[in-house]
Amino acid sequence: MTYYTYLLIFIYIFYVSFESFGLLARNGGYLSSSMSIGLAIQNQILSLNRFVGFLIAPMIGFYVDSGMTANDVYRLGVIGNFFSALSLIFVYHKWGLITTSFSDLSKSIINNGYSIRTIFRFFFSSKASSEQEYKKLKINYRYLLAQTFTTGLAMPSLFVLNILAIKNPNYTSTLLQMTTAISGLGNLLLNFYTIPLLAVDESRKNDVYSAYKSIFLGKVIGVFLLSPIVISLGYYL
């Protein structure tokens with residue numbers, strides 16, 4: 001593989017992993033009883049990550065235009081999702097530490113006001129409080145399945161449609177324009193099903209920790225299992 005291929009894989013891993021921090025920021029806001037701050041940080045993370053996603057699309061396009069085959073894009077997608085799943089598992093292992101840090105950051109913003117200076121001061125000078133302990137996880141299958149489908153639909157779409165565009169050059173523009181439509185379909189499920197259910201559980205003080213972790217595990221399954229299946233279907237059919 002070329003250096004450019006390694007760069008693409010690295011950026012994709014960062015894209016998948018960094019998105020997951022939005023959910024942990026929301027969890028941190030809940031821990032500190034400052035949901036509005038947690039949601040604000042979550043939206044900032046998702047906005048930054050969306051920019052990274054917009055960056056990946058033309059990079060893969062250039063990868064294809066430089067003479068790569070459908071097989072090359074297939075391998076890129078499968079390898080990228082495999083290592084992205086490993087990175088998500090690592091984040092999950094550090095869940096308590098990360099959410100506690102976001103909780104402390106939310107408190108710091110409340111006490112000192114929101115500014116870039118407050119954020120930098122927190123990360124470079126403050127120490128996290130004791131790591132939050134969680135009860136035994138109870139998997140909530142509504143969240144797990146919904147997030148698995150959302151992730152498994154949105155994440156591999158760029159690879160699948162580039163593969164189909166290589167195989168059907170007469171419809172290249174149409175196929176590549178469908179990327180945003182498919183990703184949008186996944187976002188519809190997220191914003192009209194998963195997030196409203198989560199908001200209700202948060203408001204009712206239900207077992208939100210299991211809800212957060214079930215959503216996260218859905219991301220892991222979507223990236224590790226469903227995404228390679230979807231990419232394979234696009235390649236072999």
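As the structure is a computational prediction, the values presented were derived from the model and not from experiment.
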To the nearest 0.5 Å, what is the distance between OH on Tyr30 and OG1 on Thr99? 13.0 Å
Do Thr151 side-chain atoms and Thr148 backbone N/O form a donor-acceptor pair below 3.5 Å? no
Ser101 OG to Lys94 NZ distance, which is reported to the nearest 0.5 Å: 11.0 Å
After noting the C-alpha distance and the side-chain angles of Phe224 and Phe83, does the key distance pass the ring-ring contact (aromatic ring centres under 6.0 Å, His included) rule? CA-CA 8 Å; Phe224 183 72; Phe83 284 102; over 10 Å; no
How long is the gap from CZ on Phe102 to OG on Ser108, to the nearest 0.5 Å? 13.5 Å
Are Lys219 and Glu19 packed together at the side-chain level, in the sense that at least one heavy-atom pair is separated by less than 4.5 angstrom? yes
Ser87 and Ser84: side-chain hydrogen bond (donor to acceptor under 3.5 Å, both in side chains), yes or no, with the steps? CA-CA 5 Å; Ser87 70; Ser84 294; 5.1 Å; no
Is Val220 close to Tyr92 at the side-chain level, that is, under 4.5 Å between some pair of heavy atoms? no
Please output the side-chain donor-acceptor pairs of residues 170-179 that fall under 3.5 Å, not counting sequence neighbours, one pair per line with the distance.
unit_1, atom_1, unit_2, atom_2, d
Thr172, OG1, Pro169, O, 2.9
Thr179, OG1, Leu176, O, 3.0

Of all the heavy-atom pairs spanning Ile41 and Ser106, show the shortest one and how long it is. CD1-OG, 4.1 Å
Parallel, tilted or perpendicular, judged at 30° and 60°: which one describes the rings of Tyr63 and Tyr4? parallel
Identify whether Ile215 and Ile195 are in the same connected component of the hydrophobic contact network (ILVMFWY, side-chain heavy atoms under 4.5 Å). no
If Ile, Leu, Val, Met, Phe, Trp and Tyr residues are connected whenever their side-chain heavy atoms lie under 4.5 Å apart, and connections chain through other members, are Tyr114 and Ile110 in the same group? yes
Hey, what's the ring geometry for Phe18 with Phe14, parallel, tilted or perpendicular (30° and 60° as the breaks)? parallel
Indicate yes or no: at least one non-hydrogen side-chain atom of Tyr12 is less than 4.5 angstrom from one of Asn81. yes
What residues form a side-chain hydrogen bond (donor to acceptor under 3.5 Å, both in side chains) with Asn140, not counting sequence neighbours? none
For residues 220-237, the side chain to side chain donor-acceptor pair (under 3.5 Å) pairs (sequence neighbours left out) are Asn71-Tyr235, Tyr74-Ser232
Can you find a heavy atom in the side chain of Val230 that is under 4.5 Å from one in the side chain of Leu153? no
Taking the side chain as everything from C-beta on, heavy atoms only, tell me whether Phe51 gets closer than 4.5 Å to Leu48. no
Taking it one step at a time, do Ser210 and Asp207 satisfy side-chain hydrogen bond (donor to acceptor under 3.5 Å, both in side chains)? CA-CA 6 Å; Ser210 289; Asp207 186 6; 2.8 Å; yes
As a quick check of understanding, evaluate side-chain contact (heavy atoms from CB on, under 4.5 Å) for Leu24 and Val91, giving each step before the final call. CA-CA 10 Å; Leu24 277 72; Val91 173; 4.1 Å; yes
Salt-bridge contact Glu202-Arg26 (side-chain N to carboxylate O under 4.0 Å): yes
Determine the minimum heavy-atom distance between Val73 and Ile166, stating which atoms define it. CG2-CD1, 3.9 Å
Tell me, do Arg75 and Thr5 make a side-chain contact under 4.5 Å, heavy atoms counted? no
Leu105, Phe120: one ILVMFWY side-chain cluster at the under-4.5 Å cut-off? yes
Could you go through Asp72 and Thr69, starting from their C-alpha distance and side-chain angles, then the distance that decides it, and tell me whether this counts as side-chain hydrogen bond (donor to acceptor under 3.5 Å, both in side chains)? CA-CA 5 Å; Asp72 294 322; Thr69 64; 3.1 Å; yes
Find the distance between CD1 (Ile109) and CG (Asn112) and round it off to the nearest 0.5 Å. 9.5 Å
Which distance, rounded to the nearest 0.5 Å, do you find between the CG of Leu190 and the CG of Leu198? 9.5 Å
Looking at Tyr143 and Ala211, what are the two nearest heavy atoms and their distance? CE1-CB, 3.5 Å
Co-membership, hydrophobic cluster, residues Leu233 and Met155, 4.5 Å side-chain: yes
Criterion side-chain contact (heavy atoms from CB on, under 4.5 Å) on Thr150 and Leu185, from CA distance to verdict: CA-CA 8 Å; Thr150 300; Leu185 183 61; over 6 Å; no
Should the heavy atoms of other residues, nucleotides or ligands under 6.0 Å from NZ of Lys167 be counted, would the total exceed 12? yes
Treat each ILVMFWY residue as a node, draw an edge where side-chain heavy atoms are under 4.5 Å apart, and state whether Leu145 and Leu226 are in one component. no
For the student: nearest non-hydrogen atoms of Tyr193 and Pro196, plus distance: O-CD, 3.4 Å
Which pair of non-hydrogen atoms, one from Gly234 and one from Leu164, has the smallest distance, and what is that distance? O-CD2, 3.6 Å
Report the distance from atom CD1 of Ile98 to atom CG of Leu23, rounding to the nearest 0.5 Å. 11.0 Å
Kindly state whether the ring of Tyr212 and the ring of Trp95 have centres lying under 6.0 angstrom apart. no
For residues Ser20 and Phe216, determine if any side-chain heavy atom of one lies less than 4.5 Å from a side-chain heavy atom of the other. yes
Considering non-hydrogen atoms only, spot the tightest contact between Thr194 and Ala146 and give its length. OG1-CB, 3.6 Å
Let me see the working for Thr118 and Ser115 under side-chain hydrogen bond (donor to acceptor under 3.5 Å, both in side chains), right down to the final yes or no. CA-CA 5 Å; Thr118 299; Ser115 67; 2.9 Å; yes
Between Arg204 and Asp201, is the closest basic N to carboxylate O distance under 4.0 Å? no
Does the side chain of Ile56 come within less than 4.5 Å of Ile11's, by heavy atoms? yes
